[in-house]
Amino acid sequence: NSVEYMEEEYGELDEEEETGLSPQLVALQPEGSKPPLFFVGFTHYRNLAQYLSNDRPFYGLLTRELRLETYENRVEQMATEHVADIRTAQKEGPYYLGGFCFGGLVAFEMARKLVAQGDRVAFVGLIDISNPATWSQESMSIMDKIRKHRTRYREHGKNYPQAWMK
(Lines give C-alpha, C1' and ligand atoms only; values in the text may rest on other atoms or scores of the structure.)
Protein backbone atom coordinates (compact mmCIF):
# COMPACT_ATOMS: atom_id res chain seq x y z
CA ASN A 1 0.00 0.00 0.00
CA SER A 2 1.07 3.60 -0.42
CA VAL A 3 1.82 4.18 3.29
CA GLU A 4 4.17 1.18 3.42
CA TYR A 5 5.89 2.30 0.19
CA MET A 6 6.38 5.87 1.45
CA GLU A 7 7.75 4.65 4.79
CA GLU A 8 10.15 2.37 2.92
CA GLU A 9 11.27 5.28 0.72
CA TYR A 10 11.35 8.09 3.28
CA GLY A 11 11.42 6.47 6.70
CA GLU A 12 8.68 6.25 9.28
CA LEU A 13 5.98 8.83 8.68
CA ASP A 14 5.14 11.37 11.37
CA GLU A 15 1.85 11.01 13.16
CA GLU A 16 -0.64 13.87 13.22
CA GLU A 17 -0.23 14.27 16.97
CA GLU A 18 3.48 15.06 16.58
CA THR A 19 3.35 17.43 13.60
CA GLY A 20 -0.19 18.74 13.47
CA LEU A 21 -0.34 17.50 9.89
CA SER A 22 -2.66 14.84 8.54
CA PRO A 23 -0.92 11.44 8.35
CA GLN A 24 -1.93 11.44 4.66
CA LEU A 25 0.52 14.31 4.00
CA VAL A 26 4.17 13.55 3.34
CA ALA A 27 6.35 16.67 3.63
CA LEU A 28 8.96 16.07 0.94
CA GLN A 29 10.24 19.66 0.93
CA PRO A 30 8.78 21.33 4.03
CA GLU A 31 10.81 24.55 3.90
CA GLY A 32 10.05 27.75 2.04
CA SER A 33 8.14 31.00 2.14
CA LYS A 34 5.84 30.39 -0.85
CA PRO A 35 2.50 28.57 -0.55
CA PRO A 36 2.98 24.79 -0.69
CA LEU A 37 2.27 22.52 -3.64
CA PHE A 38 0.11 19.50 -2.77
CA PHE A 39 0.45 16.57 -5.17
CA VAL A 40 -1.94 13.60 -5.58
CA GLY A 41 -0.81 10.48 -7.40
CA PHE A 42 1.42 7.43 -7.26
CA THR A 43 4.50 8.94 -8.88
CA HIS A 44 7.74 9.15 -6.99
CA TYR A 45 7.33 12.52 -5.38
CA ARG A 46 11.02 12.87 -4.61
CA ASN A 47 11.83 12.84 -8.33
CA LEU A 48 9.40 15.68 -8.97
CA ALA A 49 10.47 17.59 -5.87
CA GLN A 50 14.04 17.97 -7.15
CA TYR A 51 12.79 20.15 -10.02
CA LEU A 52 10.82 22.55 -7.82
CA SER A 53 12.03 25.69 -6.11
CA ASN A 54 13.58 25.17 -2.69
CA ASP A 55 11.42 28.09 -1.57
CA ARG A 56 8.13 26.22 -2.14
CA PRO A 57 7.07 23.51 0.33
CA PHE A 58 6.04 20.31 -1.44
CA TYR A 59 3.70 17.67 0.00
CA GLY A 60 2.63 14.32 -1.36
CA LEU A 61 -0.86 13.10 -0.51
CA LEU A 62 -1.18 9.42 0.32
CA THR A 63 -4.23 7.64 -0.99
CA ARG A 64 -6.62 5.95 1.41
CA GLU A 65 -8.10 2.59 0.50
CA LEU A 66 -11.64 3.09 -0.79
CA ARG A 67 -14.23 0.52 -1.74
CA LEU A 68 -16.76 2.49 -3.76
CA GLU A 69 -18.83 1.33 -6.69
CA THR A 70 -18.08 4.15 -9.12
CA TYR A 71 -15.06 6.25 -10.01
CA GLU A 72 -17.17 9.40 -9.67
CA ASN A 73 -17.91 8.61 -6.00
CA ARG A 74 -14.27 7.70 -5.41
CA VAL A 75 -12.99 10.99 -6.86
CA GLU A 76 -15.52 12.98 -4.86
CA GLN A 77 -14.74 11.21 -1.57
CA MET A 78 -10.96 11.37 -2.06
CA ALA A 79 -11.16 15.08 -2.90
CA THR A 80 -13.25 15.80 0.20
CA GLU A 81 -10.79 13.92 2.44
CA HIS A 82 -7.71 15.46 0.81
CA VAL A 83 -9.10 19.00 1.17
CA ALA A 84 -9.31 18.31 4.91
CA ASP A 85 -5.77 16.88 4.80
CA ILE A 86 -4.21 19.92 3.12
CA ARG A 87 -5.96 22.29 5.51
CA THR A 88 -3.82 20.79 8.30
CA ALA A 89 -0.78 22.32 6.54
CA GLN A 90 -2.41 25.43 5.02
CA LYS A 91 -5.58 26.88 6.49
CA GLU A 92 -6.53 29.14 3.55
CA GLY A 93 -5.64 29.79 -0.08
CA PRO A 94 -4.18 30.42 -2.45
CA TYR A 95 -3.77 26.68 -2.99
CA TYR A 96 -1.40 25.03 -5.46
CA LEU A 97 -2.46 21.52 -6.44
CA GLY A 98 -1.23 18.85 -8.82
CA GLY A 99 -1.88 15.26 -9.70
CA PHE A 100 -0.72 12.42 -11.87
CA CYS A 101 -3.14 10.12 -13.73
CA PHE A 102 -6.15 9.40 -11.49
CA GLY A 103 -4.61 11.76 -8.93
CA GLY A 104 -5.07 14.56 -11.46
CA LEU A 105 -8.81 13.99 -11.44
CA VAL A 106 -8.77 14.12 -7.64
CA ALA A 107 -6.67 17.34 -7.66
CA PHE A 108 -9.12 18.96 -10.09
CA GLU A 109 -12.07 17.98 -7.88
CA MET A 110 -10.21 19.31 -4.83
CA ALA A 111 -9.81 22.64 -6.63
CA ARG A 112 -13.50 22.68 -7.47
CA LYS A 113 -14.42 22.02 -3.83
CA LEU A 114 -12.03 24.66 -2.50
CA VAL A 115 -13.40 27.32 -4.86
CA ALA A 116 -16.97 26.34 -3.89
CA GLN A 117 -15.97 26.88 -0.24
CA GLY A 118 -14.76 30.40 -1.08
CA ASP A 119 -11.03 29.66 -1.24
CA ARG A 120 -8.66 30.72 -3.99
CA VAL A 121 -6.87 28.11 -6.07
CA ALA A 122 -3.89 29.63 -7.88
CA PHE A 123 -2.66 26.53 -9.73
CA VAL A 124 -3.83 23.05 -10.71
CA GLY A 125 -1.22 20.96 -12.56
CA LEU A 126 -2.57 17.87 -14.28
CA ILE A 127 -0.13 15.25 -15.54
CA ASP A 128 -1.30 12.46 -17.86
CA ILE A 129 -4.97 12.36 -16.95
CA SER A 130 -7.76 11.03 -19.10
CA ASN A 131 -11.43 11.85 -19.20
CA PRO A 132 -13.44 9.21 -17.29
CA ALA A 133 -16.39 9.84 -19.63
CA THR A 134 -14.35 8.34 -22.48
CA TRP A 135 -13.07 5.29 -20.61
CA SER A 136 -15.89 3.10 -21.86
CA GLN A 137 -15.28 4.31 -25.42
CA GLU A 138 -11.56 3.61 -25.43
CA SER A 139 -10.25 0.34 -26.78
CA MET A 140 -8.57 -0.59 -23.48
CA SER A 141 -10.69 -0.86 -20.35
CA ILE A 142 -9.69 1.17 -17.32
CA MET A 143 -8.91 -2.03 -15.43
CA ASP A 144 -6.60 -3.09 -18.26
CA LYS A 145 -4.90 0.32 -18.09
CA ILE A 146 -4.43 -0.03 -14.35
CA ARG A 147 -2.97 -3.53 -14.83
CA LYS A 148 -0.66 -2.17 -17.56
CA HIS A 149 0.59 0.65 -15.29
CA ARG A 150 1.04 -1.76 -12.37
CA THR A 151 3.05 -4.17 -14.55
CA ARG A 152 5.26 -1.37 -15.87
CA TYR A 153 5.73 -0.04 -12.35
CA ARG A 154 6.86 -3.47 -11.15
CA GLU A 155 9.26 -3.76 -14.11
CA HIS A 156 10.83 -0.30 -13.75
CA GLY A 157 10.42 0.49 -10.03
CA LYS A 158 11.58 4.00 -9.16
CA ASN A 159 12.31 4.73 -12.82
CA TYR A 160 8.74 4.03 -13.93
CA PRO A 161 7.74 7.65 -14.64
CA GLN A 162 10.83 8.20 -16.80
CA ALA A 163 10.48 4.84 -18.56
CA TRP A 164 6.79 5.41 -19.18
CA MET A 165 7.42 8.75 -20.89
CA LYS A 166 9.75 7.20 -23.50
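Since we're looking at a predicted model, the values are computed, not measured.
- To the nearest 0.5 Å, atom CG of residue Asp85 and atom CG of residue Leu21 are 10.0 Å apart.
- For the atom pair CG of Leu28 and OH of Tyr59, the computed distance is 9.5 Å after rounding to the nearest 0.5 Å.
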Run the side chain to side chain contact (heavy atoms under 4.5 Å, CB included) test on Arg87 and Asp119 for me, step by step, so that the C-alpha distance in whole Å, both residues' side-chain angles and the decisive distance to 0.1 Å come before the verdict.
CA-CA 11 Å; Arg87 287 190 189 279; Asp119 280 299; 2.5 Å; yes
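- In this structure, Tyr96 places its OH atom where more than 12 heavy-atom neighbours from other residues, nucleotides or ligands lie under 6.0 Å away.
- Atom NZ of Lys113 is separated from atom NE2 of His82 by 12.5 Å, given to the nearest 0.5 angstrom.
- Asp55 places a side-chain N or O within donor-acceptor distance of the main-chain N or O of Ser33, the cut-off being under 3.5 Å.
- The CG atom of Leu114 sits 12.5 Å away from atom CZ of Arg120, with the distance rounded to the nearest 0.5 Å.
- Judged by distance alone, with hydrogens and angles left aside, the side-chain atoms of Ser22 form no donor-acceptor pair with the main-chain N or O of Thr88 at under 3.5 Å.
- Ring geometry for Phe38 against Tyr95 counts as tilted: the plane angle lies between 30° and 60°, on a 0 to 90° scale.
- Separating the CG atom in Asn54 from the CD atom in Glu31 is a distance of 10.0 Å, to the nearest 0.5 Å.
- Inter-residue side-chain proximity for Glu76 and Glu109 is flagged as met; some heavy-atom pair is nearer than 4.5 Å.
- Remark: Gln117 CD is packed, more than 12 non-hydrogen atoms of other residues, nucleotides or ligands lying under 6.0 Å away.
- The closest side-chain heavy-atom distance from Leu61 to Met110 is below 4.5 Å.
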